[in-house]
Amino acid sequence: NNIESKMEELIAVGIALLEKKPMYEISEFGVTTAQGKIGSNMTVTLNDSAIDSFEPEKIIQAIVMDGSGYVPVAFLTGMGLMPMAQPFVDQGYLTEEDDNLTFDFSFKDAQMLMSGKPFPPTAPE
């Protein structure tokens, strides 16, 4: 089957790329507003030991991301968004620091963490 052979070729190319240990990095991704700078950074890699060439749809298990960011509280307040952000501060997902809300996040084994806590948060039972 032509589609199957093309998939096998694609998998072979993907495995060859993984041998190079690819890394994607975004540094100082942000904008400057009247209330201050909004910024973030992120690094994305692939955990090649989590990749199964027989189940390429499970690639999400291999994605590893680490990042952080900040946004001025004055910006959120001015946009009327602080009431939506405050519960995340109260729950410890965001931290108020030097007139900014800061956060760090990671994604590994298909699980996102913000400030070390699973995200999105689960509703209380």
### Contacts of Glu97 that satisfy salt bridge (Lys or Arg N to Asp or Glu O under 4.0 Å) - sequence neighbours left out
none
### Pairs meeting criterion side chain to side chain donor-acceptor pair (under 3.5 Å) with involvement of residues 67-78, two or more places apart
Asn41-Ser68
### Query
With sequence neighbours left out, which residue pairs that include part of residues 82-92 fulfil the side chain to side chain donor-acceptor pair (under 3.5 Å) condition?
Gln86-Asp90
## Note on the structure
Rounded to the nearest 0.5 Å, the CG atom of Asn100 sits from the CD1 atom of Ile38 at a distance of 9.5 Å
### Message
List the residues meeting side-chain hydrogen bond (donor to acceptor under 3.5 Å, both in side chains) with Lys108, not counting sequence neighbours, and say none if there are none.
### Response
none
### Query
Can you name the side-chain contact (heavy atoms from CB on, under 4.5 Å) partners of Met112, sequence neighbours left out?
Phe105, Phe107, Met114, Phe119
### Query
Counting heavy atoms not belonging to Met65, are there more than 12 under 6.0 Å from its CE?
yes
### Query
Taking atom CG of Asp99 as the centre, does the number of heavy atoms from other residues, nucleotides or ligands within less than 6.0 Å exceed 12?
no
### Task
Using salt bridge (Lys or Arg N to Asp or Glu O under 4.0 Å) as the criterion, list what pairs up with Lys37, not counting sequence neighbours.
Glu28
### Task
Indicate the atoms forming the closest heavy-atom contact of Val71 with Leu76, along with that distance.
CG1-CD1, 3.7 Å
### Message
Against Val64, only a single residue in Leu46, Thr45, Asp109 fulfils side-chain contact (heavy atoms from CB on, under 4.5 Å); can you say which?
### Response
Thr45
### Message
Restricting to side-chain hydrogen bond (donor to acceptor under 3.5 Å, both in side chains), what partner residues turn up for Thr33, sequence neighbours left out?
### Response
Gln35
### Message
Once side-chain hydrogen bond (donor to acceptor under 3.5 Å, both in side chains) is applied, do any residues pair with Asp98, and if so which ones, sequence neighbours excluded?
### Response
none
### Query
Does some side-chain heavy atom of Ser115 sit less than 4.5 Å from a side-chain heavy atom of Leu94?
no
### Task
Not counting sequence neighbours, which residues clear side-chain hydrogen bond (donor to acceptor under 3.5 Å, both in side chains) with Glu25? List them please.
none
### Message
For Ser106, give me all partners under side-chain contact (heavy atoms from CB on, under 4.5 Å), at least two apart in sequence or on another chain.
### Response
Asp66, Leu113
### Task
Check whether Ile26 and Met23 end up in the same hydrophobic cluster, where Ile, Leu, Val, Met, Phe, Trp and Tyr are linked by side-chain heavy atoms less than 4.5 Å apart.
no
